[in-house]
Amino acid sequence: MTNSILNDPRVQRAIELIWQEATLLDDKHYEAWQQLFTDDAIYVVPIDPETADFETSLNMIYDDQRMRKLRVERLVQGFSPSAVAAARTVRVLSRFTVKEISENEVTVRSAQIINAFKRESFTTLGADVEHRIVLEGDDAKIKLKVVRLIDSEDAVSASGYLV
């Protein structure tokens with residue numbers, strides 16, 4: 001059996017953080033979810049599936065720390081229409097591949113399926129996700145999260161949850 005890059009302890013820490021993030025989102029622990037990000041992190045859901053220039057492209061979500069905080073406040077306080085009776089979700093993450101690795105940073109790509117239930121209706125979203133994880137001592141944090149929905153160029157309705 002060959003030694004897989006997925007056996008690298010840095011990669012394992014990154015994947016564990018990604019799983020922790022999915023659990024927090026499914027459990028609607030949005031305040032704790034915010035703490036998984038570095039202060040300068042970006043969370044983006046681009047419309048163009050090929051773009052790498054998120055700052056000048058049209059995005060469904062392009063959140064820095066301030067915008068993530070505001071988004072979480074809307075979800076938690078229930079003032080947003082999408083937050084009222086928020087969907088219950090179950091995320092499945094798979095197909096982990098390492099895009100880049102250094103001493104202090106790991107970039108992992110994965111496939112994500114989100115199954116959501118709201119108002120007697122099921123919705124399934126598929127996405128390719130990229131996480132850039134910063135490793136500092138025993139700590140690991142998300143520096144970049146890019147969610148490329150497979151239907152990003154079609155109309156997307158308010159979901160009532162974070163992707």
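Side chains are part of it too, since the values below use all heavy atoms of this structure and drop only hydrogens, waters and symmetry mates. Here the structure is a predicted model, which is why all the values come from computation and not from measurement.
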S94: side chain to side chain contact (heavy atoms under 4.5 Å, CB included) partners, not counting sequence neighbours: none

Cluster check V90, F122: I/L/V/M/F/W/Y, side chain < 4.5 angstrom: no

Single-linkage hydrophobic cluster, 4.5 Å side-chain cutoff, L162 and V147 together: yes

Hydrophobic cluster identity match, V11 and V134, side-chain contacts under 4.5 Å: no

Atom pair CD1/CZ of I15 and R13 - distance to nearest 0.5 Å: 13.0 Å

Hphob cluster co-occupancy, I5 + L135, side-chain heavy atoms under 4.5 angstrom: yes

Qualifying residues under side chain to side chain donor-acceptor pair (under 3.5 Å), relative to S121, sequence neighbours excluded: none

Approximate separation, where rounding is to 0.5 Å, of T124 OG1 and F117 CZ: 12.5 Å

Sequence neighbours excluded and cut-off under 3.5 Å, please list the side-chain donor-acceptor pairs for residues 96-108, or say none.
residue : atom : partner : partner atom : Å
K99     : NZ   : E130    : OE1          : 3.2
S102    : OG   : E105    : N            : 3.2
S102    : OG   : E105    : O            : 3.4

Side chain to side chain donor-acceptor pair (under 3.5 Å) partners of R132, counting only residues at least two apart: none

Taking every non-hydrogen atom, the tightest pair across L93 and Q112: CD2-OE1, 3.9 Å

Nonpolar side-chain network containing L70, other nodes, edges under 4.5 Å: M67

Stepwise side-chain contact (heavy atoms from CB on, under 4.5 Å) check, R95 with D128: CA-CA 10 Å; R95 198 195 45 175; D128 287 311; 2.5 Å; yes

Solution key, residues 16-27 side-chain donor-acceptor pairs under 3.5 Å, sequence neighbours excluded:
residue : atom : partner : partner atom : Å
E21     : OE1  : H131    : NE2          : 2.7
E21     : OE2  : W33     : NE1          : 2.9
E21     : OE2  : K145    : NZ           : 2.8
T23     : OG1  : W19     : O            : 3.1
D26     : OD1  : T89     : OG1          : 2.6
D26     : OD1  : R91     : NE           : 2.8
D26     : OD2  : R91     : N            : 2.9

With sequence neighbours excluded, residues passing side chain to side chain donor-acceptor pair (under 3.5 Å) with D39: Q65

Listed once per pair and sorted, the salt bridge (charged side-chain N to carboxylate O under 4.0 Å, His left out) pairs that draw on residues 53-70, sequence neighbours left out: D63-R71

Nearest non-hydrogen partners of A41 and I142, listed with the distance: CB-O, 3.3 Å

Just list the side-chain donor-acceptor pairs under 3.5 Å for residues 42-50, sequence neighbours left out, or say none.
residue : atom : partner : partner atom : Å
Y43     : OH   : V163    : N            : 3.3
Y43     : OH   : V163    : O            : 3.0
D48     : OD1  : E50     : N            : 2.9

Test side chain to side chain donor-acceptor pair (under 3.5 Å) applied to T38 - qualifying residues, sequence neighbours left out: D40

Closest non-hydrogen atom pair, R148 against F54: NH2-CZ, 3.5 Å

Results of salt bridge (charged side-chain N to carboxylate O under 4.0 Å, His left out) for R10 - residues two or more places apart only: D8

Interatomic distance, E31 atom CD to L75 atom CG [nearest 0.5 angstrom]: 9.5 Å

ILVMFWY network linking L144 to M60, side-chain heavy atoms under 4.5 angstrom: no

